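The structure appears right after this line, and notes come after that.
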Amino acid sequence: MSEAGEVPFDQLPPEERLFRQRHSAAHVLAEAVLEMFPETKYAIGPPVENGFYYDFDLPRPLTPDDLVTLEARMRVSVERDLAITGEQIPKASAREIFRDQPYKLELIEGIEDETVGHFRHGDFQDLCRGGHTESTGQLGAFMLDRVAGAYWRGDEKNPMLQRVYGLLFATQEELDAFLVMRVEAEKRDHRRLGRELDLFHIDPIAPGSPFWHPKGTVLYNGLVEYIRELYEEYGYQEVITPQIFGVDLWKTSGHYQNFSEDMFLFHSGDEELGVKPMNCPGHCHYFASGHHSYRELPMRLAEFSRLHRNERSGVLHGLTRVRSFAQDDAHIYCTPEQFESEVFTLFGLIERIYSELSLGQPEIRLGTRPAKFAGNPEDWVEMERLLGDAVTNAGKTFTVSPGEGAFYGPKLEFHFKDAIGRSWQLGTVQVDMAMPAAFGLTYVGEDGAEHRPMMLHRAILGSLERFLGVYTEHTGGHFPLWLAPVQAVLIPIADRHIEYAQSVRGRLRERGLRVEVDESGERMGAKIRKAQLQRVPYMLVIGDREQEAGAAAVRDRTGDDLGAMPVFQIIDRMVDERDNRSVQAMV
RNA sequence: GCCGCUGUAGCUCAGAGGUAGAGCAGCUGUUUCGUAAACAGCAGGUCGUGGGUUCAAUUCCCACCGGCGGCUCCA
């Protein structure tokens, strides 16, 4: 049977064609690898975003030169335009065909049906559920991209295979456009912009622990200030709890049992201590330290303290995966009656913040009950439903990540992509069905009796470090005025204008604007270029004419020359833009 | 942690078995200039760290550390 039998390949919808091209390209890649290394054990090779990959167990590591060779062999297969055919065959036949292929045999055993899919082109054959082009001549524009390691079946207990990634698009133009886009995206990489804009650096003396430079610290504090303002409006109270606790606290919370490998634990005298990796146990301990009336609930405790997690070395990544960070963290304690409305209000706050920061739509995931969990399954189902409702009631959609909840409860995750398309979790909302009981939390209800409060964990920006990493890439370093480390640079055309520029700087600073005068001996063009590369929102050029008129010539970072404006008008404009947290002037 | 790659000045990079160079940035001087780079000079590196091979290692080999791309993990 020709798989595209019902509908000819060229009449399929474009996405389906692309999917099949990528899938078939994976087969052609495997064919080339088997040709080059006949002893190859091949595993799986699906289509993915932007292309395809295939996993192999090979006698030696592949080199970039090998990829060139393999790609050339693939093109031979394309040139020959071999028919790709498939059929269902009995498992017994498949076992015979793949008798020397342990990974295929394992896959066959995992298939429930009596028959399995078997596809071939030329001399190549594969175990495959199908979804292919009619022939190897229909692959579109492709290239092999890189080779990486990947565990068989994604389990680190299994052997590591070599994964060859390929890119594939319908046309050469689209492939070229993708490559250009990728190069452009690298220019927005927060690790690069962090250096160019003098925001932060990370030194081998403290892996995964950023040094925030003065300009990065302005961003950092600006975000905290923004969130603090919202906390007032939304009824949060900020606390500061200890950095280091005796391990009893972590044993009570369950983190010692679940995460001690990733905690910084140490001994001091006879005591074992741990640096806090999260704030929740501290907040629970605070709650437990006093008596609370139902009148105090909901109690929303916020904290920006520094947290440390001893992340495994291979996972560190710029600002997006670090060992030292702070969250816009909060824990909400409330009565069961208040719980649903708390979740819904919280969802509204999250939406508001992402919208005000112009972040675009997050991908929302609902993490459900994992293998190791606290509480009873019925409560999990109920809480999973509640979280899902909060999303759908707001007119949003989510996907379910089965088993991805925290050990103490289900969670919503808000994911955003970085410059090159990697997805990072920023915000999260987590129901906690374990800690209130573990810490023996109670409040006195209207009835005079003691009750157990409900508990929510939530962070909206997530970690400030990760947020700033993603946000730097999102904006390309063009931060909105209210966050921009330097909001305007005054550019005197000649030295005789410096004094006037300094007086203008004074007037702007009086209004709390972050302004500098470029007093260097450079020409105006060089000063403008420098300010432009630093993404300074406004360049205020001052020469004889402006000095005469008590004005400055305003240029914004889009390159627009807004002409000369009186200084008071510039101030009004900037203060207005700042106080509205406007993103209008972002590029 | 695992697989692969990688590490030369603050940054981007060149270089070679005989102890290192460019551009930008920095500093000094000259220039005083109208919307993305004025000119000149100076200074700056035990070539990631530790071993080994060698008459000689920054260059070759090994280990470790960091970084990059994935995988796994992410309270």
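Small disclaimer: the values here were computed from a predicted structure and weren't measured.
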>> How would you summarise protein contacts on nucleotides 37-50 of chain B per nucleotide, using B for base, S for sugar-phosphate only and - for none, with heavy-atom distances below 4.0 Å?
In response: BB------------
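- Phosphate contact (OP1/OP2 of rG34(B), side-chain N/O of Lys527(A), threshold under 4.0 Å): absent.
- Using a 4.0 Å heavy-atom cutoff across all strands shown, Pro277(A) reaches at least one base atom of the nucleic acid.
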What's touching nucleotides 11-14 of chain B from the protein side, N or O pairs under 3.5 Å?
| residue | atom | partner | partner atom | Å |
| --- | --- | --- | --- | --- |
| rC11(B) | O3' | Arg195(A) | NE | 3.3 |
| rU12(B) | OP1 | Arg195(A) | NH2 | 3.3 |

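- Arg321(A) places its CZ atom 10 Å from the P atom of rC73(B), with the value rounded to the nearest Å.
- Spacing between atom CG of Asp495(A) and atom C1' of rU32(B) amounts to 6 Å, rounded to whole angstrom units.
- Separation of the P atoms belonging to rC33(B) and rA38(B) is 14 Å when rounded to the nearest angstrom.
- With Tyr103(A) as the aromatic partner, Lys41(A) does not meet the cation-pi criteria of under 6.0 angstrom to the ring centre and within 45 degrees of the ring axis.
- For the residue pair Thr69(A) and Asp66(A), no side-chain donor N or O sits within less than 3.5 Å of a side-chain acceptor on the partner.
- No engagement by Arg323(A) is indicated, since no non-hydrogen atom pair under 4.0 Å with the nucleic acid exists.
- Within residues 543-551 of chain A, the residues approached by RNA chain B to less than 4.0 Å at the level of any non-hydrogen atom are Gly543(A), Asp544(A), Arg545(A), Glu546(A), in residue-number order.
- One finds a salt bridge joining Asp145(A) and Arg182(A) here, because a Lys/Arg side-chain nitrogen approaches an Asp/Glu carboxylate oxygen to under 4.0 Å.
- Applying the side-chain hydrogen bond (donor to acceptor under 3.5 Å, both in side chains) rule to Arg545(A) yields no partners; only residues at least two apart in sequence or on another chain are considered.
- A search for ring-ring contact (aromatic ring centres under 6.0 Å, His included) contacts involving Tyr236(A) returns Tyr231(A), not counting sequence neighbours.
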> Can you give one letter per nucleotide of nucleotides 2-9 of chain B, going 5' to 3': B for a protein heavy atom under 4.0 Å from the base, S for sugar-phosphate only, - for none?
Replying inline: BBS-----
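- Distance noted for atom P between rU58(B) and rG4(B): 27 Å (whole Å).
- Checked against Pro492(A) for a side-chain contact (heavy atoms from CB on, under 4.5 Å), the options Lys527(A), Met524(A), Gln547(A), Glu519(A) give a single hit: Lys527(A).
- Aromatic ring centroids of Phe416(A) and Trp424(A) lie 6.0 Å or more apart.
- Cation-pi check for Arg191(A) over Phe200(A) is not met; the charged atom does not lie both under 6.0 angstrom from the ring centroid and within 45 degrees of its normal.
- Tyr286(A) pairs by the ring-ring contact (aromatic ring centres under 6.0 Å, His included) definition with nothing, not counting sequence neighbours.
- Look at CG on Leu144(A): it is 16 Å from C1' on rG70(B), rounded to the nearest Å.
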>> Pairs counted only when both distances fall under 3.5 Å, Watson-Crick or G-U: show me the 5' to 3' dot-bracket for RNA chain B, [ ] for pseudoknotted crossings and | for other-strand partners.
In response: (((((((..((((....[..)))).(((((.......))))).....(((((..]....))))))))))))....
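- OP1 or OP2 of rC71(B) has not a single side-chain nitrogen or oxygen of Arg153(A) nearer than 4.0 Å.
- Checked by atom type, the side-chain pair Asn376(A)/Asp379(A) shows a donor-acceptor distance below 3.5 Å.
- Atom C1' of nucleotide rG26(B) and atom CG of Asp198(A) are separated by 14 Å, given to the nearest angstrom.
- Atom C1' of nucleotide rG67(B) and atom CZ of Phe200(A) are separated by 13 Å, given to the nearest angstrom.
- Rounded to a whole Å, the CZ atom of Arg312(A) is 13 Å from the P atom of rA75(B).
- Taking the six-membered ring for Trp and the full ring otherwise, Phe169(A) and Phe178(A) have centroids separated by under 6.0 Å.
- Residue Ile202(A) is out of contact with every strand shown, counting any heavy-atom pair closer than 4.0 Å.
- In this model, no donor atom of one side chain and acceptor atom of the other lie less than 3.5 Å apart for Ser520(A) and Glu522(A).
- Between the C1' atoms of rG51(B) and rA16(B), the separation comes to 23 Å (whole Å).
- Place Ile528(A) and Arg466(A) on RNA chain B by their nearest nucleotides, and Ile528(A) ends up nearer the 5' end.
- The base of rC68(B) has none of its N or O atoms less than 3.5 Å from a complementary donor or acceptor on the side chain of Arg146(A).
- One C1' atom belongs to rU46(B), the other to rA20(B), and the distance between them is 12 Å to the nearest Å.
- Judged purely by atom type and a 3.5 angstrom limit, Gln532(A) uses its side chain to pair as donor or acceptor with the backbone of Arg557(A).
- Ala531(A) comes within 4.0 angstrom of no nucleic acid atom, judged by non-hydrogen atoms across all strands.
- Using a 4.0 Å heavy-atom cutoff across all strands shown, Arg496(A) reaches sugar-phosphate atoms only and no base atom.
- Distance noted for atom P between rG67(B) and rC27(B): 30 Å (whole Å).
- A donor N or O paired with an acceptor N or O is not found under 3.5 Å between the base of rC71(B) and the side-chain atoms of Arg163(A).
- With hydrogens and angles ignored, a donor-acceptor pair under 3.5 angstrom links the side chain of Arg555(A) to the base of rU35(B).
- Within the 4.0 angstrom heavy-atom criterion, only backbone atoms of the sugar-phosphate kind lie near Tyr408(A); the bases stay farther away.
- One C1' atom belongs to rU6(B), the other to rC47(B), and the distance between them is 15 Å to the nearest Å.
- Among residues two or more places apart in sequence or in another chain, the ring-ring contact (aromatic ring centres under 6.0 Å, His included) test is passed with Phe407(A) by His255(A).
- Note on Lys411(A): only backbone sugar-phosphate atoms sit closer than 4.0 angstrom, heavy atoms only; bases stay farther off.
- For the pair Gln425(A) CD and rA75(B) C1', the computed distance is 11 Å after rounding to whole Å.
- In this structure Arg300(A) satisfies the side-chain hydrogen bond (donor to acceptor under 3.5 Å, both in side chains) test together with Glu342(A), sequence neighbours excluded.
- Here Glu156(A) pairs with Arg312(A) under the salt bridge (Lys or Arg N to Asp or Glu O under 4.0 Å) rule; sequence neighbours left out.
- For the pair Met278(A) CE and rC74(B) C1', the interatomic distance rounds to 11 Å; values are reported in whole Å.
- Here, rA56(B) and rG17(B) have their C1' atoms 8 Å apart, quoted to the whole Å.
- With both ends at atom P, the span from rG69(B) to rU12(B) equals 14 Å, rounded to whole Å.
- In this structure, His317(A) reaches the rG69(B) phosphate: one of its side-chain N or O atoms is under 4.0 Å from OP1 or OP2.
- Comparing Gly559(A) and His457(A) against RNA chain B, the residue whose closest nucleotide sits nearer the 5' end is Gly559(A).
- Salt-bridge formation is not detected for the pair Glu71(A)/Arg73(A): no Lys NZ or Arg NE/NH1/NH2 atom is positioned less than 4.0 Å from an Asp or Glu carboxylate oxygen.
- Judged as a ring-ring contact (aromatic ring centres under 6.0 Å, His included), and not counting sequence neighbours, the contacts of His201(A) are Phe211(A), His213(A).
- Side-chain N/O atoms of His331(A) and Asp432(A) include no donor and acceptor closer than 3.5 Å.
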